[in-house]
Amino acid sequence: MSHEARLQALGLALPQVPARGGLYEHAVRSGPWLYLSGKGPRQADGSRPMGRVGTDFTVQEAQAHARQAGLNLIAVLRQELGTLDRVQRIVKLFGMVNCGPEFAQQPEVIDGCSALMLEVFGPQCGAHARSAIGVAALPGGMTVEIELVVEVAP
């Protein structure tokens with residue numbers, strides 16, 4: 001099954017690619033590699049959940065935020081490539097969680113995005129290397145920010 005067909009079968013609608021928030025590109029391609037800038041969660045009304053995981057949000061709520069960030073990243077992929085079927089592999093996912101120093105469940109939070117990549121791209125293309133770290137703050141106070149490195153077909 002193609003990635004586009006799997007996305008449709010899952011009933012997932014991609015959001016509009018958000019406007020850039022600074023002097024950067026949503027994605028930069030170098031050879032077969034596509035580097036996606038960090039994206040955070042965005043609610044259906046355009047607002048962002050803001051606050052710290054473990055204080056203002058539960059792990060489960062933050063997993064949903066990581067999934068939303070993943071949908072934003074997939075929307076950027078489609079915009080950049082024209083079709084998700086050009087994705088050969090999700091190579092690396094880097095997730096940052098806005099949390100206090102006592103919070104230690106960053107991997108569980110970022111699982112929300114990792115699970116989405118596996119659902120949409122399947123186990124052969126969606127399985128990836130990953131880092132999940134805690135940070136003292138993220139832009140606008142958002143709960144998570146996630147970056148991707150993707151291998152694409154010519």
Side-chain angles (χ1 to χ4, degrees), residues 3 6-7 10-30 33-81 84 87-152:
H3 304 319
R6 192 176 291 111
L7 183 75
L10 290 167
L12 296 174
L14 296 180
Q16 292 291 322
V17 173
R20 293 180 301 181
L23 299 175
Y24 65 89
E25 299 297 325
H26 286 298
V28 172
R29 186 157 180 193
S30 180
W33 311 112
L34 187 64
Y35 297 84
L36 276 66
S37 294
K39 297 289 176 240
R42 189 173 300 279
Q43 311 286 37
D45 66 2
S47 66
R48 291 185 182 274
M50 296 182 294
R52 297 186 116 184
V53 180
T55 304
D56 304 310
F57 294 98
T58 67
V59 169
Q60 293 75 23
E61 289 170 323
Q63 282 175 339
H65 300 167
R67 186 176 178 88
Q68 289 172 352
L71 287 169
N72 282 329
L73 289 162
I74 293 171
V76 170
L77 276 172
R78 182 188 273 162
Q79 177 177 287
E80 292 294 319
L81 300 175
L84 298 177
V87 172
Q88 289 189 328
R89 182 82 190 245
I90 304 297
V91 176
K92 173 76 184 214
L93 189 150
F94 178 68
M96 296 162 276
V97 179
N98 182 355
C99 60
E102 71 291 341
F103 187 81
Q105 294 176 277
Q106 295 87 352
E108 291 175 55
V109 170
I110 301 304
D111 278 348
C113 185
S114 289
L116 176 68
M117 296 302 151
L118 288 167
E119 289 172 32
V120 173
F121 298 104
Q124 289 188 320
C125 294
H128 51 271
R130 186 180 88 177
S131 298
I133 65 167
V135 297
L138 286 169
M142 64 185 165
T143 52
V144 298
E145 183 175 4
I146 301 173
E147 301 175 359
L148 282 182
V149 177
V150 180
E151 182 180 8
V152 299

*asked:* To the nearest 0.5 Å, what is the distance between CD on Glu151 and CG on Leu34?
replied: 11.5 Å
_Looking at every heavy atom in both Leu84 and His3, which two are closest together, and how far apart are they?_
O-CD2, 3.0 Å
Identify each donor-acceptor pair in which a side-chain atom of residues 117-124 lies under 3.5 Å from a protein atom, sequence neighbours left out, and give them as a table.
| unit_1 | atom_1 | unit_2 | atom_2 | d |
| --- | --- | --- | --- | --- |
| Glu119 | OE1 | Arg67 | NH2 | 3.0 |
| Glu119 | OE2 | Arg67 | NH1 | 3.1 |

_Nearest 0.5 Å, please: how far is CD1 in Ile110 from CD in Glu145?_
10.0 Å
_Distance (rounded to the nearest 0.5 Å) between Asn72 CG and Cys113 SG_ = 10.0 Å
*Just by modelled atom types, is the Gly141 backbone N or O under 3.5 Å from a matching donor or acceptor in the Arg52 side chain?*
no
*Please walk me through it: do Phe94 and Arg130 pass side chain to side chain contact (heavy atoms under 4.5 Å, CB included)?*
CA-CA 6 Å; Phe94 178 68; Arg130 186 180 88 177; over 6 Å; no
*Flag the pair Leu7 / Leu14 as yes when at least one side-chain heavy-atom distance between them is below 4.5 Å, and no otherwise.*
yes
*Tell me, which pairs form a side chain to side chain donor-acceptor pair (under 3.5 Å) where one or both residues lie in residues 15-24, sequence neighbours left out?*
Arg20-Glu25
*Closest contact, heavy atoms only, Ser114 versus His128*: OG-NE2, 2.8 Å
*To the nearest 0.5 Å, what is the distance between NZ (Lys39) and CD (Gln68)?*
15.0 Å
_Non-hydrogen atoms of Val97 and Val144 that approach each other most closely_ = CG2-CG1, 4.3 Å
*Between the main-chain N or O of Met50 and the side-chain N or O of Asp56, is there a donor-acceptor pair closer than 3.5 Å?*
no
_Just so I know, are the side chains of Phe103 and Val109 near enough to count as touching, which here means a heavy-atom distance under 4.5 Å?_
yes
*Any chance you could measure Ile146, atom CD1, to Ser131, atom OG, to the nearest 0.5 Å?*
12.0 Å
*Under 3.5 Å, is there a donor-acceptor pair between the side chain of Arg48 and the main chain of Pro41?*
yes
*Which heavy atom of Cys125 sits nearest a heavy atom of Gln88, and at what distance?*
SG-O, 3.1 Å
*Do Glu147 and Met96 come close enough that some side-chain heavy atom pair is under 4.5 Å?*
yes
*Go through the structure and list residues passing side chain to side chain donor-acceptor pair (under 3.5 Å) with Ser30, not counting sequence neighbours.*
none
*Are any of the side-chain heavy atoms of Leu12 and Leu116 separated by less than 4.5 Å?*
yes
*asked:* With a 3.5 Å distance limit and no angle check, can you tell me whether Gln43 reaches the backbone of Pro49 through a side-chain donor-acceptor pair?
replied: no
*What's the spacing between Leu77 CG and Leu36 CG if we round to 0.5 Å?*
5.0 Å
